[in-house]
Amino acid sequence: MSDEELRLKMVRGFSQNVPHNRALGMNIVEMGQREATFELPYDPKLVGNPDTGTLHGGAITALLDGCSGAAVFAALTDLVPIATLDLRIDYLRPAEPHRAVLAKATCYKMTKNVAFTRAVAYHDSPDDPIAHSVGTFMVSTKAGRS
Amino acid sequence: MSLIDTLAEARRNNDYQAFIDAVPYARFLGLTAGLVGDELITTMRFGDHLVGNPALPALHGGTLGALLESAAIFELLWRAETIVLPKTITLTVDYLRSGAPVDTHARGIVTRQGRRVTNVRMEAWQGDRGTPVATAHAIFLVMRG
């Protein structure tokens, strides 16, 4: 196993062990060099509007936040702690009931202190998004250094 | 009973919790809400399933985003003259410090109420309200249909 494969395997293991990711039922579909694809299976406990069965926006927020963080980890050369600075999410259309939501995130810029991400949530194709997000992350947080 | 009917009844009875309990995701997060003086405060009770970083430990950023979005929606539903389910257009969260594994409170304040869209800013805090763990702003579509 190459260093690269080992690092991505560690990121995968780390993300899978996040309690809230597990509580949501999130799956890691794919990890790339600076990319991550997560899946959020449909679950009645995550519904925001019981009349329509639509997932709550908060579940999509958690999916995009977790997936974006994993993309930052995938882009790091050393596994140092990170912290979300900000996350903007545009909700483009409701998620369809009884269907899993996928998220694909890219860390498109990495600097010494800050990482920049963009991500989309979708059912079938990233070209037909449910939500779009941009985020910034602090790299190597104070909490992690101490 | 539809969600709108549940809310209308909850407002008549001044029982906000009845409405929150009708939303499955709000129950999953462990949200409660109540009036403190004139303010509608939404609280996310701590639970192990909300943790994002077990090493610190700290709340998952997504849970804080969901709490802030919920606090804004609850504020809109509670104050609105006619009840329309707000649709979130955009939400921006600033994460200011890591969320400790304790209860978190949030409040939304309407900054502009338009005919079609409403702007809300939100803040979430734990012990000291003066040092929020996260702030946010959001824009909601508030039209029927």
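A, B, ... follow the sequence lines: proteins, then strands. Residue 1 opens every chain.
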Among [options], which has the most heavy-atom pairs under 4.5 Å with chain B?
options                    : answer
A/P44, A/A23, A/P19, A/A62 : A/P19
A/N17, A/D43, A/V47, A/L63 : A/V47
A/T84, A/T61, A/L24        : A/T84

Under a 4.5 Å cutoff for heavy-atom pairs, which residue among [options] has the most contacts with chain A?
options                     : value
B/S70, B/G65, B/A138, B/G52 : B/G52
B/L68, B/I89, B/I139, B/V23 : B/I89
B/T6, B/L85, B/L3, B/L64    : B/L3

[X] side, atom [atom1]; [Y] side, atom [atom2] - distance, nearest 0.5 Å:
X      : Y     : atom1 : atom2 : result
A/M26  : A/L40 : CE    : CG    : 6.0 Å
A/K45  : B/R27 : NZ    : CZ    : 12.0 Å
A/L55  : A/L46 : CG    : CG    : 6.0 Å
B/F140 : B/T90 : CZ    : OG1   : 10.0 Å

Checklist entry - Listed by residue number, which members of residues 90-119 of chain A have a heavy atom under 4.5 Å from any heavy atom of chain B? => result A/D90, A/Y91
Next on the checklist: If I measure from the heavy atoms of chain A, does B/L67 come under 4.5 Å with its side chain, its backbone, both, or neither?
Outcome noted: neither
Checklist entry - For B/A134, is it the side chain, the backbone, both or neither that has a heavy atom under 4.5 Å from a heavy atom of chain A? => result neither
Side chain to side chain, [X] and [Y], heavy atoms closer than 4.5 Å:
X      : Y      : answer
B/Y16  : B/L35  : no
A/H123 : A/I130 : yes
B/H60  : A/N21  : yes

Checklist entry - By number, which residues in residues 40-51 of chain B have some heavy atom less than 4.5 Å away from chain A? => result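 So far as heavy atoms go, B/D48, B/H49, B/L50, B/V51 are the residues that approach chain A to under 4.5 Å.
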Checklist entry - Is the number of heavy atoms from other residues, nucleotides or ligands under 6.0 Å of A/Q33 CD greater than 12? => result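 Open: at most 12 neighbouring heavy atoms sit under 6.0 Å from CD of A/Q33.
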Next on the checklist: For the CZ atom on B/R11, are there more than 12 heavy atoms of other groups (residues, nucleotides or ligands in this structure) within a distance under 6.0 Å?
Outcome noted: yes
Next on the checklist: Applying side chain to side chain donor-acceptor pair (under 3.5 Å) to B/Q126 and B/T104, what does each step give before you reach the verdict?
Outcome noted: CA-CA 5 Å; B/Q126 297 187 317; B/T104 311; 3.1 Å; yes
Next on the checklist: Report which part of A/N49 has an atom under 4.5 Å of a heavy atom belonging to chain B: side chain, backbone, both, or neither.
Outcome noted: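 When you check distances to chain B, atoms from both the backbone and side chain of A/N49 fall under 4.5 Å.
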Checklist entry - Could you walk me through whether B/S2 and B/D5 pass the side chain to side chain donor-acceptor pair (under 3.5 Å) check? => result CA-CA 5 Å; B/S2 77; B/D5 293 340; 3.2 Å; yes
Item to check | Nearest heavy-atom neighbours spanning A/I89 and A/S133 | outcome: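 So the two residues come closest at CG1-CB, 3.8 Å.
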Next on the checklist: Side chains of B/T135 and B/E123: any donor to acceptor distance under 3.5 Å?
Outcome noted: no
Next on the checklist: One pair to check against side chain to side chain donor-acceptor pair (under 3.5 Å): B/S98 and B/N53. What are the steps and the verdict?
Outcome noted: CA-CA 10 Å; B/S98 73; B/N53 182 336; over 6 Å; no
